[in-house]
Structures are given as C-alpha cells and as structure tokens.
Amino acid sequence: MSLSIKKSKRINELPPYLFAEIDRRKRAALARGVDLIDLGIGDPDIPTPSAIVEKLLEGASKPVNHRYPNSSGMTEFRESVAKWYQNRFNVSLDPGQEVVSLIGSKEGIGNMAVAFVDPGDVVLVSSPCYPVYHIGTAFNGGKNYFVPLKKENNFWPDLDAIPADIAKQAKLLWINYPNNPTAAVADKSIFERVVEFANQYNVIVCHDAAYTEMGYDGYRPMSFLEVEGSREVGIEFHSLSKTFNMTGWRIGMAVGNPELVGGLAQAKSNLDSGIFQAVQEAGIEALRLGDQIVEPSRKIYQERRDILVDGLRAAGLECEKPRATFYVWVSCPKGLSSADFTAKLLDEAGVVTTPGNGFGDAGEGFVRFTVCVDKERLREVAERIRRVKL
Ligand SMILES: Cc1ncc(COP(=O)(O)O)c(C=O)c1O
C-alpha cells in the first residue's frame with residue numbers, strides 16, 4: 001500500500017513557475033549544441049577574495065567552531081557589522097540588540113514574515129521584485145498588495161496611489177534600493193517619504209539593501225537607516241553575498257529597530273542554529289577589509305556594464321546605464337512581450353535573459369540582463385543581438 005502524499009496548500013498555491021518555458025528552451029538549445037551565454041542569474045562569477053577564503057580555512061580547523069553556533073550570530077560578527085555600518089553609512093548600531101546574523105539575507109527575508117505576519121495581514125510589496133518578499137507573506141497566510149514600480153516614477157513606489165483602506169490594513173512594506181530587477185536607485189527623498197507613510201499608517205518598513213556596495217562612477221548608495229526616523233519604523237536586510245562575491249557562503253545580516261531585529265531573532269532561534277562560526281570569522285575579515293577588496297569587483301562590473309549597455313544601445317535597444325547593481329533593465333522592442341523577447345534572444349542569439357514579468361506583473365515590457373560573465377562574452381552578446389531582426 002502506498003501513502004497518499006499531499007503537499008501543503010501553501011506549496012500547491014505557489015504562483016505558476018514563469019521560468020519553466022525558458023528552462024525548456026535552454027535545454028533544447030544546449031541539446032542542439034548552441035553556445036549559450038547565460039545572463040539570467042545574478043550570481044557573481046568572480047571568486048571570493050583569497051584573504052576571506054584563508055580565514056575560513058583557519059577557522060575550520062578550530063574545534064570550538066565545530067559546535068552549534070548561536071542563531072543570532074557571534075558577538076564578534078555582530079560587532080563587526082556595527083563597525084562596518086558606522087564606517088560605511090555613519091549609522092551607529094548596538095550589536096547586542098540591533099544586529100542579527102542571517103544565513104544569507106534570503107533566509108531573514110523569508111523569516112521576517114514568520115515573525116510578523118499573521119493570516120489575513122496585508123503586506124505591501126513592490127512589483128517587480130525579488131520574489132521572496134511575497135512568498136514569505138503567502139507562506140504565512142498574509143495577503144500581498146503589489147505596488148507597481150513605474151519607469152515614469154524612477155521605479156519608486158507611488159505611496160499616494162495606495163488606497164487608504166489598504167494602507168490602514170498594511171502591516172509591512174518591502175522596498176529594495178539599489179533595486180533588483182530594475183537597477184533603480186533611491187535618493188533621500190523617497191526614503192523620507194517611506195518613513196512618513198510608515199508613521200501615518202503604522203507600517204513596518206523592511207528595506208533590502210543587498211546591492212548598496214555595487215555603485216559605479218563613484219556613486220555610493222545610501223542605507224535606509226541614514227534617514228531620520230527610520231530606526232523607529234524599520235529594519236534593513238544586508239548581505240555579504242554580492243558585496244564580497246560570497247553567494248555560496250550564506251552569510252548576511254538584518255539591522256535596525258531593536259523590536260524588529262529581536263522578533264526576527266526569536267523566529268530564527270526556533271527554526272535554525274545560525275551560521276558555521278568559521279564562515280562568520282571569514283565574514284568578519286571581509287567586513288574589516290571592506291572597500292579594499294570590493295573596489296576591484298566594482299571596477300570589473302562597471303567596465304562590463306559599459307560594454308553591455310553600449311552594445312545593446314548600438315543594437316537598437318532602449319536601456320538606462322545603471323548607477324548600481326549588476327543588472328540592466330531593458331525595454332522590449334515594440335510589439336514583443338517580455339516572454340516573446342526573452343524567447344527570441346534565446347532562440348536567435350543564444351543569449352539567456354530573464355523576462356521582467358517573472359518578477360511581477362509590473363515587470364511586463366522589460367527583460368533583465370546581468371553582467372555576471374566576462375567582457376569578451378558581453379561583447380559577443382551585443383554582436384549576436386545586433387544580428388537579430390528586432
Ligand atoms: C534583492 C535581493 N535581495 C536578497 C537576495 C538574497 O541574497 P543572499 O540570500 O545571498 O544574501 C538577492 C539575491 O539575488 C537579491 O537579489
């Protein structure tokens with residue numbers, strides 16, 4: 001006799017997987033022997049700096065690190081996060097109450113809803129967005145209300161357009177600058193407006209700051225916590241993943257309002273046992289070295305960005321030159337949907353991109369390119385796309 005196995009409602013109710021068609025076309029192209037260039041994933045191809053790797057090797061051989069870590073992070077790691085925030089953003093944090101380590105920011109983003117969202121609660125989520133914000137809500141029985149990010153508004157949320165009855169029910173608001181997938185950046189005025197909105201409607205602000213270190217041409221993106229009143233209403237998620245080319249290591253942090261950080265830490269302590277201490281020791285080294293090791297990657301991404309954007313524009317495509325992130329958000333040529341354009345790029349140029357609507361309905365009409373391949377390949381991308389009839 002076999003069991004009747006049923007997945008939970010939350011899994012069965014997940015939105016349709018929009019990338020399935022792309023995956024199918026990718027497999028078919030590979031089977032035909034096509035030399036695909038994959039600009040679909042936002043995962044640095046540059047290795048983690050060797051000073052960080054050496055710290056891991058050193059830490060891995062210490063027996064004290066072989067035991068369970070604390071789920072909120074070693075005191076030394078939290079202190080080094082506070083020090084980094086002080087140096088980088090001039091933001092003072094109490095490492096005991098205003099910093100928690102995360103097993104990558106994705107983990108904390110998901111667990112934020114475990115800590116703060118009850119069934120029926122409304123969560124305001126930008127669209128398009130990194131999907132974990134709304135998946136977290138849905139897994140915990142909350143209701144997502146999507147706030148479109150439109151080109152004419154700098155891809156900032158138009159908070160005045162949220163109906164008052166929705167705003168009154170809202171518990172959390174998710175924002176993310178520099179933004180994935182649009183590559184938009186925030187300035188102080190939008191963060192100030194967010195603080196005002198949060199106070200008006202009693203809404204918790206969750207700012208995802210994963211890309212603040214990938215700014216180009218001397219531009220240094222700000223932290224939400226630099227804005228007056230932000231600590232009263234908000235929590236910021238950050239990560240060592242993109243900054244130090246450490247996506248595989250799983251280390252990040254949430255900082256800000258002590259009640260929010262404490263609530264998240266409480267949820268986590270019931271679900272996980274923290275980050276391998278040797279990885280935290282390597283993280284401390286990464287944060288200590290800071291810009292010294294980030295600047296070389298920034299230069300590489302900036303050069304790649306220029307090659308890709310210039311090449312795409314020469315091929316007749318419309319896109320802004322991003323001031324931050326490793327994404328380029330390209331408008332679809334007239335008459336093509338995001339899915340059509342992505343399929344055409346894959347089938348006719350062997351270039352893998354991500355359809356904008358995969359990040360939410362408001363991403364329709366765009367396609368996201370990354371610069372996570374070397375410059376020769378990016379020149380080839382431009383050359384191949386130039387040959388496609390658009
Ligand atoms: C906007 C954004 N936030 C968070 C993450 C998660 O990063 P990690 O879990 O590696 O810290 C990503 C990863 O792509 C992202 O794009």
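We count ligands from 1, going down the list as the structure has it; atoms in each ligand are counted the same way. Note that the numbering runs from 1 along the sequence shown for the chain. This is a predicted model, so every value here is computed, not measured. Just so you know, these numbers use all the heavy atoms, side chains as well, and skip hydrogens, waters and symmetry mates.
- The shortest N or O to N or O distance between E107 and ligand 1 is not below 3.5 Å.
- The closest approach between D208 and ligand 1 falls below 4.0 Å for a heavy atom of the residue.
- Aromatic ring centres of F191 and W156: separated by at least 6.0 Å.
- The closest side-chain heavy-atom distance from L345 to F341 is below 4.5 Å.
- No donor-acceptor pair under 3.5 Å is formed between the side chain of N245 and the backbone N or O of P44.
- Ion pairing between R193 and D160 holds under the 4.0 Å rule for side-chain N and carboxylate O.
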- Item | Intermediate values then yes/no, ring-ring contact (aromatic ring centres under 6.0 Å, His included), F326 and Y211 | CA-CA 9 Å; F326 39 52; Y211 294 96; 5.6 Å; yes
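- Of all protein heavy atoms, the one closest to atom 6 (C) of ligand 1 is Y130 OH, 3.3 Å.
- Atom numbering of ligand 1 starts at 1 in the shown order; those under 4.0 Å from a heavy atom of S239 are 8 (P), 11 (O).
- Annotation: K242 places an N or O atom under 3.5 Å from an N or O atom of ligand 1; distance criterion only.
- Atoms of ligand 1 found under 4.0 Å from any heavy atom of R250, numbered from 1 in the order shown, are 8 (P), 9 (O), 10 (O).
- For a threshold of 3.5 Å applied to N or O pairs, the pair formed by S241 and ligand 1 contains at least one separation below that value.
- The atoms of ligand 1 that sit less than 4.0 Å from any heavy atom of Y211 are 1 (C), 2 (C), 14 (O), 15 (C), 16 (O).
- The ligand atoms of ligand 1 that sit less than 4.0 angstrom from a heavy atom of G104 are 9 (O), 11 (O).
- For atom 7 (O) of ligand 1, the nearest protein heavy atom (residue, atom name, distance) is S105 OG, 3.4 Å.
- Tracing side-chain contacts under 4.5 Å through hydrophobic residues (I, L, V, M, F, W, Y), one reaches L390 starting from I37; they form part of the same cluster.
- Between R220 and D291 the shortest side-chain heavy-atom distance falls below 4.5 Å.
- Residue contacts with ligand 1: N176 is placed with no nitrogen or oxygen under 3.5 Å of a nitrogen or oxygen of the ligand (distance criterion only).
- Under the 4.0 Å criterion applied to side-chain N and carboxylate O atoms, E376 and R304 are not assigned as salt-bridge partners.
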